[in-house]
Amino acid sequence: MSFSHFNRRLHLYLALSLMPWFLMYGLSSIPFSHPKWMDAWFNDGAPMWTTRFDRSYDLAVPANADLKPIGARIVKDSGLEGAFGTYRNNEREVNVYMYSFWKSTRLTYFPRDKRLLAEDMRFRWDRFLTGMHARGGFEQPGTLHKAWAVTVDLVCVGFLVWIASGLIMWWQLRSARGWGWLALGGGTLLFAAFLWGL
Amino acid sequence: MYLALFLSPWVLIYAISTMAMNHRAFFQKLYDGQIVMFEKERELTYAGTFPESAPPAAIAVQILSSLGMDGAHGARRIADGRIVIHRAHPVAPRRITLAPATGHLLIEKEVFRAPAFLERMHRRRGFQHDYALEDTWGVSVDTFIVAMIFWVLSGLWMWWEMRATWRLGILFAAGGIALFAFYLTTL
């Protein structure tokens with residue numbers, strides 16, 4: 001097998017293997033790029049969040065506390081399991097956002113009122129896609145979460161190999177070099193203009 | 001092919017930025033938890049006036065125009081009454097803080113750090129501000145989205161035209177789909 005043959009096959013089989021991710025990242029970019037369209041499309045008047053429970057709860061939250069263990073405690077005390085992130089936008093509340101590809105739940109703890117509110121998000125295809133798109137990172141415990149993060153890295157490497165193998169394939173087509181230079185140069189110039197002017 | 005060559009800078013930036021975002025915790029550690037940091041660029045006293053009820057958005061437009069920095073931005077009034085304007089830019093975003101009582105204007109420039117730059121480029125969408133260049137970027141992002149979907153479809157068709165690659169192709173495609181389906185049902 002010549003290098004050229006290997007390169008073409010690598011380009012092809014890599015793309016076929018990673019096709020679900022390419023498609024997912026492509027489709028899920030639409031709601032990111034046009035959130036207003038999606039809201040108009042899916043807005044049928046149904047509430048985005050429905051209350052699962054709203055009960056009294058008491059947990060000390062120091063001002064500069066590490067939020068991760070606090071979030072973990074709130075999740076555990078709620079009887080829930082799964083990936084989560086903890087945020088604090090203001091002193092009045094601590095927000096824990098729990099997510100899977102199909103379901104999202106938010107837990108809001110109000111330290112002053114000693115109250116914990118749990119709400120489930122309704123399923124929407126645009127949210128499902130953006131949730132998949134945004135999923136990544138090695139912070140969540142558990143082999144599966146880390147495996148997904150490793151897969152995201154592999155998809156990125158796949159994109160880079162795709163560029164490199166594509167450039168080699170183009171270069172081997174002598175008759176396409178002229179137009180290819182024009183396309184590559186035009187794209188690079190336009191991108192540089194955005195970098196400078198945006 | 002020509003579409004891919006034209007869009008290769010976008011493919012490159014989205015691939016590298018995704019890796020950077022996937023390893024955000026590592027980079028945060030690398031920069032002592034401060035990937036985004038501003039340094040003072042200049043200070044001045046702003047002589048212009050605003051109507052008392054002027055919203056932060058209107059104040060921001062006036063200030064940015066007078067500084068020759070008009071462009072995509074966000075503005076808010078913070079608790080002590082100061083107006084904070086964030087002027088977006090891929091390479092060098094600025095933070096401009098105005099104390100309306102004294103007219104004191106502080107202009108800070110974000111220190112360039114690769115992970116922050118990559119994440120900015122990844123998240124920039126267009127169509128959010130009243131600037132033609134913003135919308136042009138949005139069109140380029142939309143073109144990239146259409147191209148990605150087109151590449152999947154055209155790639156499938158090109159593969160199907162090459163009989164010799166059917167068996168291995170089905171194996172690789174099925175492997176990818178199976179792994180993706182596994183994640184869908186378990187994560």
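The shown structure was predicted, so the numbers you read here are calculated from the model rather than taken from an experiment. Order of the sequence lines fixes the chain letters, A, B, ..., with proteins taken first and strands second; residue numbering starts at 1 for each chain. What's counted below: heavy atoms across the whole structure, side chains too, no hydrogens, waters or symmetry copies.
If you take CZ on B/Phe144 and OH on A/Tyr25, they are separated by 12.0 Å, rounding to the nearest 0.5 Å. Between atom CD of residue A/Glu139 and atom NE2 of residue B/His23 there is a gap of 10.0 Å, rounded to the nearest 0.5 Å. Between the CG atom of B/Leu187 and the CG atom of A/Leu144 there is a distance of 5.0 Å, given to the nearest 0.5 Å. Summarising the geometry, atom CG belonging to B/Leu12 is positioned 4.5 Å from atom CD1 belonging to A/Ile163; distances are rounded to the nearest 0.5 Å. Here the CE-CH2 distance, from B/Met1 to A/Trp179, works out to 12.0 Å after rounding to the nearest 0.5 Å. Considering SG of A/Cys156 and CE of B/Met21, their distance stands at 10.0 Å, rounded to 0.5 Å.
Contacts of A/Ala149 with chain B are made by both backbone and side-chain atoms, with heavy-atom separations under 4.5 Å. Of the atoms belonging to A/His11, not a single heavy atom falls under 4.5 Å from chain B. Heavy atoms closer than 4.5 Å to chain A are found in the side chain of B/Leu156, but not in its backbone. Interface residue B/Ile13: only side-chain heavy atoms are found under 4.5 Å from chain A. With a 4.5 Å cut-off on non-hydrogen atoms, B/Val141 touches chain A through its side chain but not through its backbone. Neither the backbone nor the side chain of B/Arg120 comes within less than 4.5 Å of any heavy atom of chain A. Neither the backbone nor the side chain of A/Leu14 comes within contact range of chain B, judged by heavy atoms closer than 4.5 Å. Proximity to chain A (any heavy atom under 4.5 Å) is shown, for B/Ala25, by both the backbone and the side chain. Neither the backbone nor the side chain of B/Ser17 has a heavy atom closer than 4.5 Å to any heavy atom of chain A. Only the backbone of B/Ala88 comes within less than 4.5 Å of a heavy atom of chain A; no side-chain atom from C-beta onward does. B/Met19 touches chain A through backbone and side chain together, each having a heavy atom under 4.5 Å away. In this structure, no portion of B/Tyr131 lies under 4.5 Å from any heavy atom of chain A. Contacts of B/Leu7 with chain A are absent, with no heavy-atom separation under 4.5 Å from either backbone or side chain. Looking at A/Trp196, only its backbone comes within 4.5 Å of chain B, counting heavy atoms on both sides. Proximity to chain B (any heavy atom under 4.5 Å) is restricted, for A/Met132, to the side chain, taken from C-beta onward. At a 4.5 Å heavy-atom cutoff, the contact between B/Met121 and chain A is made by side-chain atoms alone. Interface remark: B/Arg123 contributes no atoms to any contact with chain A (heavy atom separation under 4.5 Å). Residue contact with chain A, scored on non-hydrogen atoms closer than 4.5 Å, involves the side chain of B/Phe182 exclusively. Within the 4.5 angstrom heavy-atom criterion, only side-chain atoms of A/Leu173, from C-beta onward, approach chain B.
The side-chain heavy atoms of B/Thr165 and A/Tyr13, taken from C-beta on, include a pair separated by under 4.5 Å.
Judged by distance alone, with hydrogens and angles left aside, the side-chain atoms of B/Tyr183 form a donor-acceptor pair with the main-chain N or O of A/Ala147 at under 3.5 Å. The backbone N or O of A/Gly137 sits nowhere less than 3.5 Å from a side-chain atom of B/Arg24 that would complete a donor-acceptor pair.
In terms of non-hydrogen atom pairs under 4.5 Å with chain A, the most contact-rich of B/Thr186, B/Leu3, B/Asp142, B/Thr18 is B/Asp142. Options B/Gly71, B/Gly169, B/Gly138 differ in how many heavy-atom pairs under 4.5 Å they form with chain A, and the most are formed by B/Gly169. Options B/Glu134, B/Arg124, B/Met162 differ in how many heavy-atom pairs under 4.5 Å they form with chain A, and the most are formed by B/Arg124. Per-residue counts of heavy-atom pairs under 4.5 Å with chain B were compared for A/Gly26, A/Gly187, A/Ala176; the largest is that of A/Gly187. In terms of heavy-atom pairs under 4.5 angstrom with chain B, the leader among A/Phe22, A/Trp21, A/Trp170, A/Tyr99 is A/Trp21. Per-residue counts of heavy-atom pairs under 4.5 Å with chain A were compared for B/Leu171, B/Ile16, B/Val91, B/Thr136; the largest is that of B/Thr136.
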How far apart are the C-alpha atoms of A/Leu182 and B/Phe6, what are their side-chain angles, what is the distance that settles it, and do they pass the side chain to side chain contact (heavy atoms under 4.5 Å, CB included) test? CA-CA 8 Å; A/Leu182 202 69; B/Phe6 184 82; over 6 Å; no

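More than 12 heavy-atom neighbours from other residues, nucleotides or ligands sit within 6.0 angstrom of CZ on B/Phe112. Around CZ of B/Arg76, the count of heavy atoms belonging to other residues, nucleotides or ligands within 6.0 Å does not exceed 12. Within 6.0 Å of CZ in A/Arg92 there are 12 or fewer heavy atoms belonging to other residues, nucleotides or ligands.
In terms of heavy-atom proximity, B/Trp159 sits nearest to A/Leu12 at CB-CD1, 3.7 Å. The minimum heavy-atom distance linking A/Gly197 with B/Leu133 is given by the pair O-CD2, 3.1 Å. Taking both residues in full, the closest heavy atoms of A/Ile30 and B/Ile149 are given as CD1-CD1, 4.3 Å, listed atom of the first, atom of the second, then distance. The two residues A/Leu184 and B/Ser8 make their nearest non-hydrogen contact at CD1-OG, 3.2 Å. Considering all non-hydrogen atoms of both residues, B/Arg125 and A/Pro35 come closest at NH2-CG, 4.0 Å. Of all heavy-atom pairs between A/Gly180 and B/Tyr2, the closest is N-CE2, 3.4 Å.
Here A/Phe191 and B/Trp10 bring their ring centres to under 6.0 angstrom of each other.
B/Val152 and B/Phe150 fall within the same hydrophobic cluster, where Ile, Leu, Val, Met, Phe, Trp and Tyr residues are linked whenever their side-chain heavy atoms come under 4.5 Å apart, directly or through other members.
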